[in-house]
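In what follows, a single structure is set out as structure tokens and then discussed.
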Amino acid sequence: MDRRTKYTKKIIKETFINLLEQKELTKITVSEICEIADINRATFYRYYLDVYDLLSNIQKEIEEELRNAYHPQSETDNTVSNFSKALLEVMLKNKKLVKVLFDTNNNIFFLNTILEVAYEKCKEKWKSYLPELSDEDIEYASVFIFNGALGVVNFWVKNDFDKDIDEISNIIESISYYGTRRFIYKK
């Protein structure tokens, strides 16, 4: 992809994200994006079918970043905290977009992507460490843990990323391993 194409796509995405901060997806038009980005409609349509396709492309890019974020160097690096940090770093790097995706009514795809990435990474580890667990047991445990972790992340995003990544990843790890009792009564 040449520099001009990268720049144009970047301007389209930034304009779109700025608009998503102000209004719902269904209220955003291609004409509006083009006017603000100072491009013509043909340029927009060269890259995207409509605003939904644009959102889908943006979400796929973030999904790819999330999938590629975590690569432990050794087995001792393979922890919930390190995994959480890797995903949280991607989110922090894309802070504005993540905030918009968490705040809009159109975030179900994005949230499911986060859960799917986490599940895929952890299922392998759980299977190797605990071969006696059935797939169903793993499913139930993962639904409970990952939805809770996602709730923590959602709270972090809604509070404008008020804590650092280490603190949030430690909260997620502590609750994942020990439940809420140890976390609540740790003091």
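Sequential numbering from 1 along the given sequence is applied to the chain's residues.
- No hydrogens or angles considered: nothing links the side chains of Asn18 and Thr15 as a donor-acceptor pair under 3.5 Å.
- Summarising the geometry, atom CZ belonging to Phe16 is positioned 4.5 Å from atom CG belonging to Leu54; distances are rounded to the nearest 0.5 Å.
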Would you tabulate the side-chain donor-acceptor contacts of residues 84-92 under 3.5 Å, counting partners in other chains and residues two or more places apart, or write 'none'?
unit_1: Ser84; atom_1: OG; unit_2: Val80; atom_2: O; d: 2.8
unit_1: Lys85; atom_1: NZ; unit_2: Asp166; atom_2: OD1; d: 3.2

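- In this structure, Ser174 contributes its side chain and Asn170 its backbone to no donor-acceptor pair below 3.5 Å.
- In this structure, the separation between NZ on Lys27 and CG on Leu20 is 13.5 Å, given to the nearest 0.5 Å.
- Between Glu63 and Arg67 there is a salt bridge, since at least one side-chain N of the basic residue sits less than 4.0 Å from a carboxylate O of the acidic one.
- Going from atom OG of Ser31 over to atom CG of Asn40 covers 11.0 Å, rounded to the nearest 0.5 Å.
- No more than 12 heavy atoms of other residues, nucleotides or ligands sit less than 6.0 Å from atom OH of Tyr140.
- A side chain to side chain contact (heavy atoms under 4.5 Å, CB included) with Trp156 holds for exactly one of Ile172, Val98, Asp162; it is Asp162.
- Enclosure of atom CG in Asn159 by more than 12 non-hydrogen atoms of other residues, nucleotides or ligands within 6.0 angstrom is indicated.
- In this structure, Val30 and Tyr48 have side chains that are not in contact, with every pair of non-hydrogen atoms separated by 4.5 Å or more.
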* Decide yes or no on salt bridge (Lys or Arg N to Asp or Glu O under 4.0 Å) for Lys99 and Glu21, but give the supporting numbers first. => CA-CA 9 Å; Lys99 193 159 180 65; Glu21 286 182 306; over 6 Å; no
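- Rounded to the nearest 0.5 angstrom, Ile12 CD1 and Ile39 CD1 are separated by 3.5 Å.
- The hydrophobic cluster of Leu49 has no other members, since no ILVMFWY side-chain heavy atom comes under 4.5 Å of it.
- Within the 4.5 Å cutoff, side-chain heavy atoms of Tyr52 are placed close to those of Leu25.
- How far CZ of Phe83 is from OG of Ser169: 12.0 Å, rounded to the nearest 0.5 Å.
- The distance from the CG atom of Leu97 to the CD1 atom of Ile17 is 4.5 Å, given to the nearest 0.5 Å.
- Hydrophobic cluster membership for Ile11: Tyr7 (Ile, Leu, Val, Met, Phe, Trp, Tyr linked by side-chain heavy atoms under 4.5 Å, directly or transitively).
- The cluster map of Ile, Leu, Val, Met, Phe, Trp and Tyr, joined by side-chain heavy atoms under 4.5 Å apart, puts Leu101 and Phe155 in different clusters.
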* Asked: Lys23 and Glu32: salt bridge (Lys or Arg N to Asp or Glu O under 4.0 Å), yes or no, with the steps?
  -> CA-CA 12 Å; Lys23 56 171 91 176; Glu32 185 177 25; 2.6 Å; yes
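- For Gln22, the CD atom counts as densely surrounded, since its 6.0 Å shell holds more than 12 non-hydrogen atoms of other residues, nucleotides or ligands.
- When the side chains of ILVMFWY residues are joined at heavy-atom separations under 4.5 Å, either directly or via intervening members, Ile28 and Tyr45 end up in a single hydrophobic cluster.
- Judged by distance alone, with hydrogens and angles left aside, the side-chain atoms of Asn154 form no donor-acceptor pair with the main-chain N or O of Leu150 at under 3.5 Å.
- Residues Ile171 and Phe144 share a single hydrophobic cluster, defined by chaining ILVMFWY side chains whose heavy atoms lie under 4.5 Å apart.
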